[in-house]
Structure formats: C-alpha cells, structure tokens
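One structure is given here, and the rest of the page talks about it.
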Protein chains: 2
Amino acid sequence: MADNASGSDSLLFLTDDQLRKGIEAMFFAYRGFTADPDRILEGLDYGRAHHRAIHFIHRAPGMTVSSLLGILGVTKQSLNRVLRTLFDDGLVEARVGKTDKRERRLHLTDKGASLERALSDAQRARMRAAYRAAGPQAVQGFRTVLEAMMDPEMRRQYQGLREDSP
Amino acid sequence: MADNASGSDSLLFLTDDQLRKGIEAMFFAYRGFTADPDRILEGLDYGRAHHRAIHFIHRAPGMTVSSLLGILGVTKQSLNRVLRTLFDDGLVEARVGKTDKRERRLHLTDKGASLERALSDAQRARMRAAYRAAGPQAVQGFRTVLEAMMDPEMRRQYQGLREDSP
DNA sequence: CAAACTACGTCAGCCTTGTTGACATTGTAA
DNA sequence: TTACAATGTCAACAAGGCTGACGTAGTTTG
C-alpha cells in the first residue's frame with residue numbers, strides 16, 4: 001500500500017484537503033444513494049427503516065430477529081415498530097424456528113418481495129449508472145475504500161453469512 | 001443486462017450481485033463514517049445536524065444562511081433550530097452582509113473552530129486510515145464512483161464554491 | 001425437575017431532526 | 001411606494017432513534 005503513483009506525489013492523496021473532499025463526497029453521495037428508494041417509500045407509510053429491514057430479509061431469508069438486529073444496529077424496540085407494520089401489511093412473515101422454537105425466521109411474502117424489487121431496482125439503477133460511468137477499475141477502488149472505512153464488526157457482517165452459522 | 005461472460009473483464013462488474021455488494025458497502029461504510037464524530041457529539045447536546053452545519057460553515061466562512069440551506073437540503077425551520085443553539089452557545093456568529101444587509105454571513109468563533117477541529121480530526125483519522133489501507137488508485141476510484149452517484153445538483157455543490165458567487 | 005437464561009414482544013416516555021403552514025421584520029429593487 | 005427577498009419564529013406533527021421495565025415461551029443447566 002501507499003506505493004508511489006507518479007514520481008514523488010505518493011502521499012498527496014492523504015492531505016487534509018483530499019480527506020475533506022472524500023468526506024464531502026460521502027455526504028453528498030449518500031444522499032443520492034437513498035434518494036430513489038425514498039421517493040418510492042414516501043406516501044406508502046414506509047420509511048428508510050422499512051427499506052433496510054426488507055433489504056436484509058430479502059438478502060438472507062430465514063434470518064432471525066436477533067441477527068437482523070445485529071446487522072441493523074438498532075434496538076429491538078425500534079426494529080419491532082418497523083417489523084410490526086410489515087407483518088400487519090403482509091409484506092413479511094415470521095415462521096417459528098425449526099430447532100429452536102423461540103426464534104422467528106423472517107421471510108418476505110410475495111407482496112414484500114415485490115416491494116423489495118421495486119426498491120432495489122431503483123437503487124441499483126443509480127448504482128449501475130455510476131458504476132458504468134466510472135468503470136471497473138474505479139468500482140474496485142470504491143469497494144476497497146468503503147470496506148476499509150467500516151468498523152471491523154460491520155465488515156464481518158458485510159462479508160458475512162448467507163444463512164446463519166451458529 | 002447480464003450479457004457476455006468473461007472474454008474481456010467487460011460487464012461482470014455490473015451484475016446485480018455486484019451492485020448489491022456496492023449498496024451494502026455504502027450502508028455499512030456510512031455507519032463507520034459517522035461513528036467517530038457521533039461519539040464526540042453525544043453528551044454535548046449536539047447531533048449530526050450540528051456537525052453538518054459546523055462543517056460547511058468551516059469550509060466556506062461567510063456563507064449565507066440560504067446557501068447553507070441549499071447545501072444541507074433541509075428546511076429553514078429545521079436549520080434554524082440548529083443554528084440557534086450554535087449561536088447561543090457561541091460556536092457560530094452571524095455578521096450582517098456588507099452589500100446586502102439582509103444576509104447573515106456565518107462564521108465559526110474560536111470555540112466553534114475548536115469543536116470543528118475535534119470532529120474533523122476524528123473523521124479524517126478514519127478516512128486517512130481507509131485511504132492509506134486502500135492506496136491512491138483505489139481512492140481515485142472511490143471518488144469517481146461517489147461523484148457519479150450524486151444528484152447533478154449535489155455534484156455542483158460538491159465541486160462548488162469556496163465563497164459564494166452571485 | 002427446578003432454576004436460570006435466551007429470544008422475542010410490548011408498553012411508556014423521551015429525544016433529535018425532519019416536515020408544513022402561517023406570519024413578522026428588515027432590507028432591496030422595480 | 002410597492003413588490004419581492006432573506007431571515008427568523010411559532011406551532012404542530014411524524015419518523016425513527018433511545019432507555020427502562022415487564023411478560024411469555026422455550027431451552028439449557030445444575
């Protein structure tokens with residue numbers, strides 16, 4: 001790492017000004033990142049919190065409530081408020097755990113999967129456009145830096161499990 | 001999409017799975033991105049909203065309220081609640097505009113500048129570590145993708161003005 | 001088996017930060 | 001002078017965080 005780029009400019013990318021640029025880039029880009037799903041959710045009585053729950057339930061069907069809590073990093077009271085509306089509206093269903101009956105394994109219903117698709121189509125469209133505009137090299141770098149920016153515990157979640165692994 | 005396979009490296013980075021990875025990377029990385037300043041702010045009676053205001057006032061001293069509104073993308077009522085506490089606590093001061101006396105040009109006081117430094121030191125430390133771990137090439141890609149992800153209007157803000165330009 | 005622990009749900013109350021809508025004040029510009 | 005612009009402010013509301021306390025099943029352990 002930190003090998004030189006052209007002659008001696010090696011560490012110029014670590015100047016405070018470059019870092020500030022990176023910080024602001026995160027701020028402005030995150031707004032774009034959430035803008036399209038937010039537009040879909042507004043008026044539906046759902047918010048970003050619902051989107052996050054739906055996303056991760058889709059990504060790992062059969063996930064327990066507590067592993068979802070771990071990924072989202074919120075309290076169970078907060079998550080529960082969201083999950084309750086998703087149950088009531090028939091977007092998510094909870095199946096009692098097979099080996100451990102205390103667990104609720106979370107699954108999207110067809111209706112939930114359909115909303116998930118709408119949301120992630122919108123979000124992916126922007127991501128795809130950005131990826132395409134930037135090119136594969138840039139995408140590689142993008143992911144590398146983001147990964148290095150995560151807390152170690154979150155990095156584990158990120159690289160983590162499809163199902164669950166006790 | 002999902003056209004040709006390997007031949008060239010061509011489009012494999014645009015698969016839905018790669019895009020999902022990128023989406024989750026944004027989610028987890030943004031948490032890390034805000035974690036350190038949040039820790040400093042907690043207990044100080046300030047939140048992320050105060051941090052953002054302080055950051056942009058520092059970046060462009062003499063900024064008017066309405067251009068700050070434009071950058072932050074919130075309502076004036078919401079911003080005002082934040083600015084009021086910053087005035088009251090003597091972190092920010094407003095000077096009446098020279099040519100247009102309706103304007104309030106915002107500046108950090110010494111006290112404000114000192115909090116700004118604490119916050120941005122913390123945030124830069126993480127960013128610097130990530131940059132260093134990833135290397136200059138990756139950083140270049142990181143910025144390129146983020147920039148492509150912004151809404152055009154935000155991109156203008158991002159690349160934008162130091163002072164203001166009427 | 002009984003006791004302790006775990007997974008989950010829920011009630012109640014609080015905080016920050018966003019929103020609308022309405023209205024006032026002070027300048028500037030036509 | 002009249003219209004518009006920049007700012008502040010009051011009030012009410014919503015989303016989505018938080019803490020603390022308590023309840024109920026089900027599992028594990030001594």
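Side chains included, hydrogens not; waters and symmetry mates left out as well; all remaining heavy atoms used. Chain A is the first sequence line, chain B the second, and so forth, proteins listed ahead of strands; every chain is numbered from 1.
- A donor-acceptor distance shorter than 3.5 angstrom exists from the side chain of D100(B) to the backbone of R102(B), with no hydrogens or angles considered.
- Scanning all heavy atoms of the two residues, the minimum distance from T144(B) to A138(A) falls at CB-CB, 4.2 Å.
- Across residues 91-102 of chain B, T99(B), D100(B), K101(B), R102(B) each have a non-hydrogen atom less than 4.0 Å from an atom of DNA chain C (numbered order).
- Distance alone, capped at 3.5 Å, is enough to place a donor-acceptor pair between the H50(A) side chain and the G47(A) backbone.
- The side-chain heavy atoms of H107(B) and V92(B), taken from C-beta on, include no pair separated by under 4.5 Å.
- For H51(B), the ring-ring contact (aromatic ring centres under 6.0 Å, His included) test picks out no residue, with sequence neighbours left out.
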> Between Q159(A) and E147(A), does a side-chain hydrogen bond (donor to acceptor under 3.5 Å, both in side chains) hold up when you go through it step by step?
Replying inline: CA-CA 9 Å; Q159(A) 294 163 337; E147(A) 210 164 319; 2.7 Å; yes
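- With sequence neighbours left out, the side-chain hydrogen bond (donor to acceptor under 3.5 Å, both in side chains) criterion links S114(A) to no other residue.
- Taking atom CE of M63(A) as the reference point, atom C1' of dA7(C) lies 15 Å away to the nearest angstrom.
- Below 30°, between 30° and 60°, or above 60°: for F56(A) and F28(B) the angle between ring planes is between 30° and 60°, a tilted geometry.
- Counting heavy atoms of neighbouring residues, nucleotides and ligands inside a 6.0 Å radius, atom CG of D88(B) exceeds 12 of them.
- From the 5' end on, the contacts that DNA chain D makes with chain B at under 4.0 Å to a non-hydrogen atom open and close at dA5(D) to dC10(D).
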> What does nucleotides 15-25 of chain C look like as a protein-contact string, B for base, S for sugar-phosphate only, - for none, at under 4.0 angstrom between heavy atoms?
Replying inline: --BBBBBB---
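- A side-chain contact (heavy atoms from CB on, under 4.5 Å) with Q77(B) is found for exactly one of T75(B), V74(B), N80(B), L79(B), namely T75(B).
- Scanning residues 24-41 of chain B for heavy-atom distances under 4.0 Å to DNA chain C yields an empty list.
- With respect to R126(B) and D151(A), a salt bridge is recorded, a charged nitrogen being found less than 4.0 Å from a carboxylate O.
- At a threshold of 4.0 Å, the pair D38(B)-R31(B) does not count as salt-bridged, since none of the basic side-chain nitrogens sits closer than that to a carboxylate oxygen.
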